[in-house]
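For reference, the structure discussed in these notes is given below.
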There are 2 protein chains.
Amino acid sequence: MNNNLKSLRKIKNVSQNDLANALSVSRQTINSIENGKFDPSLTLAIKLTKYFNVSIDEIFKYED
Amino acid sequence: MNNNLKSLRKIKNVSQNDLANALSVSRQTINSIENGKFDPSLTLAIKLTKYFNVSIDEIFKYED
DNA sequence: AAAATATGTCAAGTATACTTGACATAAGAT
DNA sequence: ATCTTATGTCAAGTATACTTGACATATTTT
């Protein structure tokens, strides 16, 4: 799984901290997801889609 | 978060076991998700959308 | 240049997703 | 009525998502 969170975030011009606060997660969580340390939970993934107003597919690319 | 996995599965007329095998997870995992014991990982959620050929929103309803 | 803000990363802990194995009950087939 | 398949559930373990706290470095602001 990879994602384009970092670019989406930069388009909105918000910091990792801003995003973390908006979604009620830690900054490290955002950082780890952006840098591919792990994938978000479904809940957090959905929060991200709502925040950026995009679909799951527009953020995450799943590959077998 | 709630979902309509059980009804989607019955439409396709497959057992929890069939579905579990198709997605390479345990039957208990499918059962637990259907009965709201926990939510799937993003990876499993995406596998489910592909299996049923629907979007995330068509399976999962997120409510704050 | 100095101060402030943003990012990367580590370590150790908690929470939750998922596993295997087992057993009980329900429903469907012979 | 017996056999088989499907579902629900429990317990204990492993894997991964996420937390807090801390510190280093990079980037931006004054």
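What you see below is based on every heavy atom in this structure, not just the backbone, and it leaves out hydrogens, waters and symmetry mates. Proteins come first, then strands; the chains are lettered A, B, ... in the order of their sequence lines, and each starts at number 1. Here the structure is a predicted model, which means the values were calculated and not measured.
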ask   = Think A:Arg9 has a side-chain N or O under 4.0 angstrom from the OP1 or OP2 of C:dT7?
value = yes
ask   = When the distance from CG of B:Leu23 to C1' of C:dA17 is rounded to whole Å, what number comes out?
value = 15 Å
message = Which nucleotide wins on minimum distance to the side chain of B:Gln28, given the candidates D:dT19, D:dT9, D:dG8?
response = D:dT9
task = Figure out the CG/C1' separation between A:Asn31 and D:dG21, and round it to whole Å.
result = 15 Å
message = Regarding A:Ser15, tell me which of base, sugar-phosphate or nothing describes its non-hydrogen contacts under 4.0 Å with the strands shown.
response = sugar-phosphate
request  = For B:Leu48 and C:dA17, give me the distance from atom CG to atom C1', rounded to whole Å.
outcome  = 13 Å
task = Would you kindly compare B:Ser41 and B:Glu34 by the position of their nearest DNA chain D nucleotide and give the one closer to the 5′ end?
result = B:Glu34
query = Would A:Leu44 and B:Leu42 count as a side chain to side chain contact (heavy atoms under 4.5 Å, CB included) if you check the C-alpha gap in whole Å, the side-chain angles of each, and the deciding distance to 0.1 Å?
reply = CA-CA 9 Å; A:Leu44 178 49; B:Leu42 177 56; over 6 Å; no
message = Within the 4.0 Å heavy-atom criterion, would you say B:Lys10 contacts the bases, only the backbone, or no part of the nucleic acid?
response = nothing
ask   = For residues A:Asn31 and A:Lys37, is any side-chain donor paired with an opposing acceptor at under 3.5 Å?
value = no
query = In whole angstroms, how far is the C1' atom of D:dT7 from the CG atom of B:Asn13?
reply = 15 Å
Length of the line joining A:Leu42:CG and C:dA15:C1', which is rounded to integer Å = 16 Å
message = Closer than 3.5 angstrom, by distance alone: can the side chain of A:Asn3 be matched with the main-chain N or O of A:Ile33 as a donor-acceptor pair?
response = yes
Full working for side chain to side chain donor-acceptor pair (under 3.5 Å) between A:Lys61 and A:Asn4 = CA-CA 9 Å; A:Lys61 305 284 181 199; A:Asn4 50 17; over 6 Å; no
Short side-chain N/O contact to D:dG8 OP1/OP2 from B:Lys6, under 4.0 Å = yes
ask   = How long is the line joining CG of A:Asn17 and C1' of D:dA26, in whole Å?
value = 16 Å
ask   = B:Arg27 CZ to C:dT19 P: how many Å, rounded?
value = 12 Å
task = With heavy atoms under 4.0 Å as the rule, sort A:Thr29 into base, sugar-phosphate or nothing.
result = base
query = Do the numbers put B:Lys50 on top of the ring of A:Tyr62, so that NZ or CZ is under 6.0 Å from the six-membered ring centre and no more than 45° off the axis?
reply = no
message = Considering every strand and a 4.0 Å limit on heavy-atom distances, what is the contact class for A:Ser24: base, sugar-phosphate, or nothing?
response = sugar-phosphate
remark   = Picking from D:dG8, D:dT19, C:dT7, the nucleotide nearest the side-chain atoms of B:Gln16 would be D:dG8
key: For atom CD1 of A:Ile30 and atom P of D:dA17, their distance in whole Å   = 14 Å
request  = Please determine, for the side chain of B:Val25, which listed nucleotide (D:dC18, D:dA22, C:dT19) has the closest atom?
outcome  = C:dT19
task = Check every atom of D:dC18, D:dT9, C:dG8 against the side chain of A:Asn35 and return the nucleotide holding the closest atom.
result = C:dG8
